[in-house]
2 protein chains.
Amino acid sequence: MEAVTIKDVAALAGVSVGTASRVLSGNPATSADTRERVAAAAAELDYQPNAQAQALRSTRSNSLGLLVPDVRNPFFADLAHAAEQAALSAGYVTLLGNANERNDQQDRYLDTLISRRVDGVIVAPVGDDGGRLRALIEREIPTVLVDRTVPGLDLPSVTTDSETGIRQAVQHLAEQGHTRIGYISGPEATSTGRDRFASFTRAVAEAGLSQDPELVYFGDYQAASGSAGVHTLMDLTNPPTALLAADSLMAVGAISILHRLGLRIGTDIALVAFDDIEWFALLNPALSVIAHSVEDMGRIAVDLLLQVIAGHTPESVVLPSELIVRASSATPIRPTTQPEQRSQQ
Amino acid sequence: MEAVTIKDVAALAGVSVGTASRVLSGNPATSADTRERVAAAAAELDYQPNAQAQALRSTRSNSLGLLVPDVRNPFFADLAHAAEQAALSAGYVTLLGNANERNDQQDRYLDTLISRRVDGVIVAPVGDDGGRLRALIEREIPTVLVDRTVPGLDLPSVTTDSETGIRQAVQHLAEQGHTRIGYISGPEATSTGRDRFASFTRAVAEAGLSQDPELVYFGDYQAASGSAGVHTLMDLTNPPTALLAADSLMAVGAISILHRLGLRIGTDIALVAFDDIEWFALLNPALSVIAHSVEDMGRIAVDLLLQVIAGHTPESVVLPSELIVRASSATPIRPTTQPEQRSQQ
DNA sequence: GGAACCCATGGAATCGTTTCCATGGAATCG
DNA sequence: CGATTCCATGGAAACGATTCCATGGGTTCC
């Protein structure tokens with residue numbers, strides 16, 4: 001079955017290809033009669049324009065690239081969903097790429113996106129050197145960073161201000177009597193890893209809590225490193241009584257190993273996670289989280305990108321974060337390390 | 001910055017466009033010397049071929065369409081990931097579309113995929129009438145169904161045999177002393193909804209348990225309907241002592257409402273869910289599930305599609321399902337509704 | 001009633017590749 | 001050594017749309 005082209009439509013309608021094209025693309029320079037005949041012919045043949053030919057000629061593909069580090073991470077799945085819906089309602093299809101937290105896969109996808117001449121790209125970058133992102137910039141392909149940034153690349157971005165949420169979390173834990181908070185950090189090779197770690201460090205200093213460097217474990221945003229982090233931290237001679245995990249997947253890893261160690265979350269140890277995942281509220285005990293709106297992030301990223309495509313240079317957006325206290329951190333814990341405890345009131 | 005074309009490469013290498021094209025596409029009819037000069041020129045200019053022009057001329061786009069009902073559903077996120085990786089290693093990019101469990105969005109995406117002239121499409125279909133799927137078939141676009149099928153459409157598919165897993169689950173619950181099992185079903189407008197419901201009905205009859213039609217609630221595979229189902233079922237004058245949810249999202253909805261009702265899962269009520277999600281093992285109590293391999297499903301779907309593209313007509317594949325017992329259903333429950341209880345041994 | 005204008009239309013060029021066909025020089029054969 | 005084959009290459013057509021330019025018929029105006 002040969003695909004039906006605009007030629008077939010034109011022939012059936014008894015007009016030239018040019019006229020058919022004008023009608024189908026909504027060019028007003030057409031008579032009502034022609035419009036009707038061409039539309040009828042297109043419907044009759046169930047004509048679907050060849051997007052490749054359109055893109056080749058018009059240098060617009062009506063498609064956006066979206067590159068995330070890991071689709072299975074619910075945060076990025078939600079982000080993909082939000083961005084995709086926003087793009088769709090602006091008339092763009094989304095090409096979703098999955099870097100698997102690997103630089104080489106990200107670079108490979110970036111080249112693919114260049115080849116496909118997408119009209120713009122949204123990237124939650126893996127790693128710190130930019131890689132083929134620089135090729136996008138050289139080609140002046142509209143690009144927006146989301147969630148993470150890359151040092152030295154001056155691109156519009158949508159990120160989260162971790163400072164507020166993390167400070168709230170640390171203060172909240174301090175109020176429950178915790179003095180030693182273990183921090184399961186994201187990798188220092190990501191901007192979010194560095195940023196959240198810096199916020200944590202400041203918050204701990206501010207609250208006058210232990211700044212013991214042993215209380216920090218550097219993970220890689222994958223579940224397994226959350227487990228490893230818990231192992232390392234709880235093996236300290238002076239282990240923490242509360243944990244803060246820098247993303248949802250590491251929190252998942254932490255939870256599973258805490259269960260296995262027989263430590264009751266919320267009672268034996270407090271736990272707070274960065275990223276608000278629907279499921280976290282269902283856990284028993286429900287997990288306290290530092291929430292930020294992935295909905296907004298996706299929508300705004302598309303918005304910024306559309307502005308760049310339109311030739312503007314929008315300002316970067318920083319979204320707020322906020323602590324949501326649930327049972328996993330709500331119980332004051334008897335300070336095992338501080339004997340001096342009197343009724344102070 | 002004008003994009004660099006094969007013309008530029010040819011000029012720099014001092015050959016004709018045709019020759020440059022031959023070298024770049026690996027055509028053997030080229031001299032070693034030319035090959036080297038063209039490759040050097042392409043590297044020098046950081047040439048990325050225009051995929052649109054290639055596709056237009058060669059009628060192959062090296063891209064696949066993947067249409068899922070809901071990316072935020074972890075089952076489909078995993079499926080997308082598995083398929084995308086399999087496609088990538090076969091040299092295809094994946095265009096991911098999200099139907100949002102809506103027929104119109106699915107149809108819209110299908111038209112987009114036709115327009116983009118993807119080489120093939122993998123669909124987990126929404127609804128029962130096929131909709132624009134028939135347009136794919138008319139155009140002889142290679143298509144494979146995954147997870148769900150559509151009555152009347154004779155396409156290769158990868159699905160799960162729900163029979164075994166569901167029978168195991170029902171028998172297991174019967175062994176714990178349950179006689180009234182509540183079933184939160186998927187919609188009858190999906191093949192999986194019908195199929196799992198039929199398996200449940202058979203299994204219940206086989207095990208000699210209550211076939212009270214009131215014990216079945218028809219949901220829509222979204223979390224909210226899981227909650228609604230629990231409400232309805234637990235409001236019965238003779239409520240079930242065990243629940244079986246036909247997918248993970250409805251199980252999530254069920255869990256959240258059970259918590260709110262103060263019913264302890266695994267003690268007051270047993271719960272088993274279809275679909276094995278990593279997180280389910282982390283819940284407290286851990287959730288018993290009917291597992292099937294989404295990994296395999298994605299991989300095999302791509303595999304079948306590649307066969308169709310190659311001109312073959314592969315057999316459909318049915319994957320097994322299997323009960324994994326965890327704490328949410330492991331405790332025998334004292335039958336509250338049956339007073340006649342003697343030492344029967 | 002003829003000049004000026006408008007507007008719908010047809011025809012052709014174009015986008016960047018691939019691929020077919022022709023060419024011409026080198027190699028091989030009898 | 002002349003004829004055949006081979007092979008790398010250049011040139012041009014083609015893919016399916018958009019868009020520019022020219023055309024010609026119908027209005028409008030003086």
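The sequence lines fix the lettering, A, B, ..., with proteins before strands; numbering per chain opens at 1.
Contacts of B:Arg102 classified as salt bridge (Lys or Arg N to Asp or Glu O under 4.0 Å), with partners at least two apart in sequence or in another chain: B:Asp104. Evaluation of the salt bridge (Lys or Arg N to Asp or Glu O under 4.0 Å) rule for A:Arg108 yields no partner, not counting sequence neighbours. B:Val17 meets the side chain to side chain contact (heavy atoms under 4.5 Å, CB included) test with B:Ile6; sequence neighbours excluded. Residues satisfying the side chain to side chain contact (heavy atoms under 4.5 Å, CB included) criterion with A:Pro151, sequence neighbours excluded, are A:Asp128, A:Arg194. Residues meeting the salt bridge (Lys or Arg N to Asp or Glu O under 4.0 Å) test with B:Arg299, sequence neighbours left out: B:Asp296. With sequence neighbours excluded, no residue forms a salt bridge (Lys or Arg N to Asp or Glu O under 4.0 Å) with A:Asp303. Applying the ring-ring contact (aromatic ring centres under 6.0 Å, His included) criterion to B:Phe75, with sequence neighbours excluded, gives B:His292.
The ring-ring contact (aromatic ring centres under 6.0 Å, His included) analysis of residues 76-130 of chain B, with sequence neighbours excluded, yields no pairs. Here ring-ring contact (aromatic ring centres under 6.0 Å, His included) pairs that include residues 7-47 of chain B, with residues two or more places apart or in two chains, number zero.
Heavy-atom distances under 4.0 Å link DNA chain D to B:Val15, B:Ser16 of residues 8-16 of chain B, given in residue order.
A donor atom on one side chain and an acceptor atom on the other are not found under 3.5 Å apart for A:Asn73 and A:Gln222.
Using five terminal pairs a side, the axes of the helix from C:dG1-D:dC30 to C:dG30-D:dC1 at its two ends make an angle of 40°, given in steps of 10 degrees.
Atom P of nucleotide D:dA14 and atom CZ of B:Arg60 are separated by 23 Å, given to the nearest angstrom.
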- Message: Return a single string for nucleotides 15-23 of chain D, one symbol per nucleotide in 5' to 3' order, where B is base contact, S is sugar-phosphate-only contact and - is none, cutoff 4.0 angstrom on heavy atoms.
- Response: BBBBBB---
